[in-house]
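Take a look at the structure set out below.
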Amino acid sequence: MCGIVGILSHEPVAQRLVDGLKRLEYRGYDSAGIAVINDNKIRRCRSQGKIVNLDARLAQEKIDGVIGIAHTRWATHGMPTEENAHPHMTEEVAIVHNGIIENYKVLRDDLIEKGFSFYSQTDSEVIAQLLTFFEKESTSHLEAIFKTLDKLEGAYALGIMFKADPTRLYGMRKGSPLAIGHGEKGEMFLGSDALALAGLAENLTYLEDGDLAVLTRDNIEIFDKDHKKAIRPSQRYTAGFEAISKAPYDHFMLKEIYEQPDVVRQTLNTYLSADKKSLSFPKLTFDPDSISKLTIVACGTSYYAGLVAKYWIEQIARISVDVDIASEFRYRQPPMPKEGVALFISQSGETADTMAAHEYAVSERQQTLGIINVPNSSLARAVHTPLMTYAGPEIGVASTKAFSTQLCVLAAFALHLAHERGLVSSEKLEQHCHDLASLPNALEQVLGLAASCKDIAEDLSKAQDILYIGRGTSYAIALEGALKLKEISYIHAEGCAAGELKHGPIALVDENVPVIVVAPSDALFEKLASNVQEAAARKGQVVFISDKKGQQAYHGDALARLTVPDTTVFTAPFIYTVPVQLLAYYTAVHKGTDVDQPRNLAKSVTVE
Ligand code: M6R
């Protein structure tokens with residue numbers, strides 16, 4: 001959510017700042033801007049909308065300098081206009097900010113009383129004004145920054161440069177991530193994530209919460225939250241540019257859907273033994289036999305992965321599981337079991353609500369696990385046991401391949417718990433591992449439904465409301481399908497437990513409402529089929545997703561049918577996810593919406 005790039009060099013930096021922003025655009029795309037210091041002046045160029053607009057503006061304004069900061073914004077305070085775009089500045093200082101300053105109103109009113117003027121509706125501008133105020137009454141820029149930070153409540157990653165000293169760039173973080181890139185030719189970089197710095201620097205230092213870094217061209221000085229000098233390790237990051245190209249697909253989302261067989265294979269390679277007959281699960285910091293309850297916390301698609309896992313873990317490992325939405329969890333202050341275990345799922349590893357929920361769980365003395373896709377992300381570094389997924393960078397705002405890899409880790413985790421608790425025999429475990437290992441091939445097959453999904457999507461794109469229904473783990477996939485559709489096509493969609501239809505949602509059904517049915521032929525199939533008949537009897541336009549056996553068993557009307565490969569009950573969620581992803585994708589394409597960067601959203605949600 002918002003992206004930061006900063007460069008301190010001896011060569012002009014404007015173009016590289018913009019290139020860095022392009023790599024970060026997935027974090028926010030409401031507006032963008034850069035500021036550089038040149039001829040003893042801070043010069044700024046900003047524009048509303050995507051970075052192509054900024055590029056065009058820069059072609060006319062041609063500002064440049066050897067030090068600069070840049071930002072791509074996801075609006076929180078104030079409309080996505082040019083005035084509200086970062087960098088924010090005064091004559092003396094320019095800043096870029098990710099996060100939210102919660103007490104900005106009080107600080108702003110106070111500064112206005114002191115004679116300061118504001119030019120935006122943002123919370124961030126107050127930081128530039130405060131720095132200007134404190135610069136006058138401090139003996140150094142560092143002192144002015146510390147005084148400013150003392151006043152701020154909320155979360156931030158910041159990049160700061162002062163007109164009076166174009167040899168220093170300052171970066172700091174509290175609650176929002178920030179990394180430093182060590183250049184090789186007397187250059188230093190700031191970036192809100194490793195992607196921002198791809199191609200600029202291979203050696204990265206991640207700041208810890210509360211750190212402030214002072215960058216010169218050949219040195220970094222870091223101060224911790226107590227203002228004491230600190231040393232942070234640096235590590236190599238070598239992901240190249242090819243990781244972020246969508247070629248030959250039209251959209252990142254489609255590319256990422258098609259990557260699922262590969263990334264599922266890669267993730268399973270880590271959690272299954274080499275012969276794929278047993279698990280290779282990392283050592284846990286708790287005894288699976290002694291846990292009475294597991295708490296899973298996440299947001300959005302990651303939450304739905306957790307919901308699938310609830311069914312798996314309760315059924316196979318016989319551990320009761322609470323799945324919570326992270327934004328509700330912390331403030332509900334749920335009692336947590338003594339020596340309990342909490343699992344956090346996050347593709348980005350930076351979701352503010354999930355991080356805050358983790359903090360709460362730690363304060364409740366829970367052992368924490370995290371299922372995370374981005375190495376070195378805040379959550380990956382915070383949990384006791386990180387369980388990484390190997391989806392590679394996911395750029396499309398709609399999460400697809402990350403979800404499938406989360407399911408891989410969760411499936412292995414459920415089996416591991418069950419096996420450790422003596423609830424699944426080695427033979428049965430071998431069978432499950434074999435089924436998991438067959439998934440990449442089955443996923444290749446189910447991708448063959450793309451053309452049919454594209455046809456069906458033409459009808460879906462004309463609908464105003466769409467219902468998704470399922471039972472058991474397919475209920476979670478129905479929810480995920482509905483989320484995917486609404487976020488990229490802007491069509492209202494609801495996921496329902498099929499048995500709940502008759503308790504309310506069926507009132508929505510008429511001949512204009514498609515009902516997407518996630519219907520593996522499992523023990524709940526007959527019950528689900530009856531629920532579908534109830535919807536069809538009200539003229540609901542049924543899209544029936546099932547295997548061969550299920551298709552033969554369903555005799556009701558259907559607008560369309562999608563026949564997926566046979567699965568086991570355990571692996572069904574992996575396979576049924578793909579058609580709901582493809583239906584959402586092609587519906588958005590038919591509607592002509594911005595698939596990879598849907599309106600009002602951002603990839604990484606680092607504000608509460
Ligand atoms: O990075 P996270 O997994 O923590 O993100 C959680 C949600 O913001 C994310 O899954 C969101 O719902 C996706 N855009 C859904 O496609």
Side-chain angles (χ1 to χ4, degrees), residues 1-3 26-29 74 175-177 192-193 195 251-254 256-257 260 296-309 323-330 343-358 369-380 382-383 386-389 391-407 409-410 468 476-490 493 495 577-578 580-585 587-588 593-608:
M1 195 140 276
C2 302
Y26 75 98
R27 293 177 73 99
Y29 32 82
W74 183 82
S176 291
S192 44
D193 65 23
L195 220 47
H251 297 99
F252 279 108
M253 181 179 174
L254 190 61
E256 289 160 3
I257 289 173
Q260 289 178 113
I296 301 182
V297 188
C299 302
T301 286
S302 298
Y303 168 80
Y304 295 138
L307 197 54
V308 172
V323 193
D324 250 287
I325 292 171
S327 55
E328 288 296 314
F329 181 74
R330 173 165 63 145
L343 167 65
F344 298 83
I345 309 173
S346 174
Q347 183 283 131
S348 61
E350 301 294 352
T351 303
D353 287 320
T354 309
M355 285 301 296
H358 176 262
L369 301 141
I371 297 182
I372 306 140
N373 192 44
V374 178
N376 291 308
S377 55
S378 304
L379 188 61
V383 291
L387 301 168
M388 300 311 293
T389 52
E394 190 181 62
I395 306 295
V397 164
S399 186
T400 52
K401 61 176 181 169
F403 178 73
S404 298
T405 56
Q406 288 165 351
L407 291 185
V409 184
L410 289 163
Y468 285 71
I477 304 306
L479 288 164
E480 168 60 3
L483 173 61
K484 218 84 306 172
L485 185 89
K486 66 187 138 193
E487 72 175 323
I488 58 170
S489 75
Y490 318 148
T577 295
V578 175
V580 298
Q581 292 171 342
L582 288 168
L583 286 174
Y585 171 75
T587 304
T593 52
D594 190 338
V595 173
D596 285 332
Q597 297 182 334
R599 69 182 181 200
N600 306 342
L601 293 172
K603 183 69 184 163
S604 176
V605 186
T606 53
V607 293
E608 273 197 58

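First listed ligand is number 1; within each ligand, the first listed atom is number 1. Treat the numbers as computed from the prediction; the structure is a model and nothing was measured.
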Does some side-chain heavy atom of Leu485 sit less than 4.5 Å from a side-chain heavy atom of Tyr468? yes

Not counting sequence neighbours, which residues clear side chain to side chain donor-acceptor pair (under 3.5 Å) with Gln597? List them please. Lys50

Would you confirm whether Glu394, through its side chain, and Ala402, through its main-chain N or O, come within 3.5 Å as a donor-acceptor pair? yes

Please tabulate protein-ligand N/O pairs under 3.5 Å for ligand 1, atom names and distances to 0.1 Å.
from: ligand 1; atom 1: 1 (O); to: Ser346; atom 2: OG; distance (Å): 3.4
from: ligand 1; atom 1: 1 (O); to: Ser348; atom 2: N; distance (Å): 2.9
from: ligand 1; atom 1: 1 (O); to: Ser348; atom 2: OG; distance (Å): 2.6
from: ligand 1; atom 1: 1 (O); to: Thr351; atom 2: OG1; distance (Å): 3.4
from: ligand 1; atom 1: 3 (O); to: Ser302; atom 2: OG; distance (Å): 2.6
from: ligand 1; atom 1: 3 (O); to: Gln347; atom 2: N; distance (Å): 2.7
from: ligand 1; atom 1: 4 (O); to: Ser346; atom 2: OG; distance (Å): 2.6
from: ligand 1; atom 1: 4 (O); to: Thr351; atom 2: OG1; distance (Å): 2.4
from: ligand 1; atom 1: 10 (O); to: Thr301; atom 2: N; distance (Å): 3.1
from: ligand 1; atom 1: 12 (O); to: Thr301; atom 2: N; distance (Å): 3.4
from: ligand 1; atom 1: 14 (N); to: Val397; atom 2: O; distance (Å): 3.0
from: ligand 1; atom 1: 14 (N); to: Glu487; atom 2: OE1; distance (Å): 2.9
from: ligand 1; atom 1: 16 (O); to: Thr301; atom 2: OG1; distance (Å): 3.4
from: ligand 1; atom 1: 16 (O); to: Ser399; atom 2: N; distance (Å): 2.8
from: ligand 1; atom 1: 16 (O); to: Lys484; atom 2: NZ; distance (Å): 2.9
from: ligand 1; atom 1: 16 (O); to: Glu487; atom 2: OE2; distance (Å): 2.3

In a check of side-chain contact (heavy atoms from CB on, under 4.5 Å) between Ser302 and each of Ile372, Ile296, Ile345, Leu307, which one passes? Ile345

Check Glu480 against Ser399 and note the closest heavy-atom contact, atom names and distance. OE2-O, 3.7 Å

Euclidean distance, Cys299 SG relative to Asp353 CG, rounded to 0.5 Å: 5.0 Å

